Amino acid sequence: MTVSTESPSTSPLAPLTDEKVAVLNTNEVVATSQLPSPPLRGRINADITIAPAYLAEDDTFVNSLTNLINEIYTDAERGFWSIDPFTRTNPAEVRSFITSGTLAVAWLPGYSQGCIEYLLGCGRVQLLPPPEPSSRTPSHSNPDPSSPIGQFGCLICRPEYRGSGVGRDLLKFAEDWTREKGGKKMQVELVVGDGWEHEEKTKLAGWYERAGYENVKEVDLCEGIPELGPLLARKARYRVYQKTL
């Protein structure tokens, strides 16, 4: 797996909400270098925590994680977007996840936490906020605050550790976190092909379904996340899954 040793962008970008991506300014090809990969195989009982706040001040960690997320999303969603490489996030957004206490991170057990070399995967967990009057994406809000709903997104696992249980453990951590916050349901979202099949998304949909998630909503992506419509290379749909906790 390769990640950049440089900051992904020299221009400042405002934080984005979890379901959005950094658009425009995405045509740069980022220089990359090899990320160390400790030699482990089989089931890994990762140490999973909420990322400590001090990591938001660690530029190396933030920039490396930003590039790791973007590279994994570029590979996993190739074919959907008219831009390659695709920018899923940016350093400002990653910092906002850390400072808000919503970035779940999986570390290689027994190794120093806080070092990007030993990060196996991550995801952003939060409680869905009340809807804003001007919101065009109601699936990203909860109209009934008395029944909190957790949302888990931006899930990645380093490719060399797929199949080791890291993704499943991150999802369970997010579900447990939501229960502790009083959440009654957990929500995840997918972009899928419209009239065509994307192999990676089909696998991921099956993975969520085996974990107990049900498809509760599916609309044209341009309706579900309007700001992504201009970036599409092919027609796509926006799918919402939920699970009762």
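No experiment lies behind these values; they were computed from the predicted model shown. Throughout, numbering of the chain's residues begins at 1 and tracks the sequence.
The two residues Ala174 and Phe152 make their nearest non-hydrogen contact at CB-CD1, 3.6 Å. The minimum heavy-atom distance linking Gly183 with Leu245 is given by the pair O-CD1, 4.1 Å. In terms of heavy atoms, Ala236 sits closest to Val191 at CB-CG1, 3.9 Å. Taking all atoms of both residues into account, the shortest heavy-atom contact from Cys222 to Leu232 is SG-CD1, 4.3 Å. Nearest heavy atom pair, residue Ala233 against residue Gly79, reads CB-O, 4.1 Å.
Residues Lys185 and Lys243 fail the side-chain proximity criterion, which asks for heavy atoms closer than 4.5 Å. Side-chain contact between Leu119 and Leu65 is present, with heavy atoms from C-beta onward closer than 4.5 Å. At a threshold of 4.5 Å between non-hydrogen side-chain atoms, the residues Ile69 and Asn67 do not count as touching. Contact of the Asp84 side chain with the Arg78 side chain is registered, since non-hydrogen atoms from C-beta on lie closer than 4.5 Å. Using a 4.5 Å cut-off on side-chain heavy atoms (C-beta onward), Tyr241 and Val216 make no contact. The shortest side-chain heavy-atom distance between Asn70 and Thr89 falls under the 4.5 Å cut-off. Annotation: side chain of Ile44 is in contact with side chain of Tyr161 (closest heavy-atom distance under 4.5 Å). Inter-residue side-chain proximity for Ile149 and Gln242 is flagged as met; some heavy-atom pair is nearer than 4.5 Å.
Atom SG of residue Cys122 and atom CG of residue Leu170 lie 7.5 Å apart, to the nearest 0.5 angstrom. The CD1 atom of Ile72 lies 8.5 Å from the CZ atom of Arg158; values are rounded to the nearest 0.5 Å. Here the CZ atom belonging to Arg239 is positioned 4.0 Å from the CD atom belonging to Glu218, to the nearest 0.5 angstrom. To the nearest 0.5 angstrom, Leu108 atom CG is 11.0 Å from Asn45 atom CG. To the nearest 0.5 Å, atoms CG (Asn63) and OG1 (Thr60) are separated by 7.0 Å. The structure places CE of Met186 at 12.5 Å from NZ of Lys172, a figure rounded to the nearest 0.5 Å.
Judged as a side chain to side chain contact (heavy atoms under 4.5 Å, CB included), and not counting sequence neighbours, the contacts of Lys201 are Glu77, Phe80, Leu190, Val192, His198. With sequence neighbours excluded, the residues satisfying side chain to side chain contact (heavy atoms under 4.5 Å, CB included) with Thr102 are Phe97, Ser100, Arg124, Gln126.
Look at Arg43 and Asp169 and you find a salt bridge, because one of the NZ, NE, NH1 or NH2 atoms lies within 4.0 Å of a carboxylate O, short of that distance. Comment: Asp220 does not engage Arg237 in a salt bridge, judged by the lack of any side-chain N to carboxylate O separation of less than 4.0 angstrom.
Applying the 6.0 Å contact sphere to CD of Glu214 captures no more than 12 heavy atoms from other residues, nucleotides or ligands.
With Trp107 as the partner, the side-chain contact (heavy atoms from CB on, under 4.5 Å) test is satisfied by one option alone out of Thr49, Leu120, Val166: Thr49. Considering Glu57, Glu93, Arg95 as possible partners of Val62, the one that fulfils the side-chain contact (heavy atoms from CB on, under 4.5 Å) test is Arg95.
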Would Gln151 and Val188 satisfy side-chain contact (heavy atoms from CB on, under 4.5 Å), going step by step from the backbone distance to the final call?
CA-CA 6 Å; Gln151 181 193 44; Val188 296; over 6 Å; no

For the pair Val240 and Asn215, evaluate side-chain contact (heavy atoms from CB on, under 4.5 Å) and give the outcome as yes or no after the intermediate values.
CA-CA 6 Å; Val240 177; Asn215 182 0; 5.6 Å; no

Please step through ring-ring contact (aromatic ring centres under 6.0 Å, His included) for the pair Trp81 and Phe86, ending with a clear verdict.
CA-CA 7 Å; Trp81 313 111; Phe86 180 67; 4.7 Å; yes

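Distance alone, capped at 3.5 Å, places no donor-acceptor pair between the Asp59 side chain and the Phe61 backbone.
Applying the ring-ring contact (aromatic ring centres under 6.0 Å, His included) definition to pairs two or more places apart or across chains, those involving residues 209-235 are Tyr208-Tyr213.
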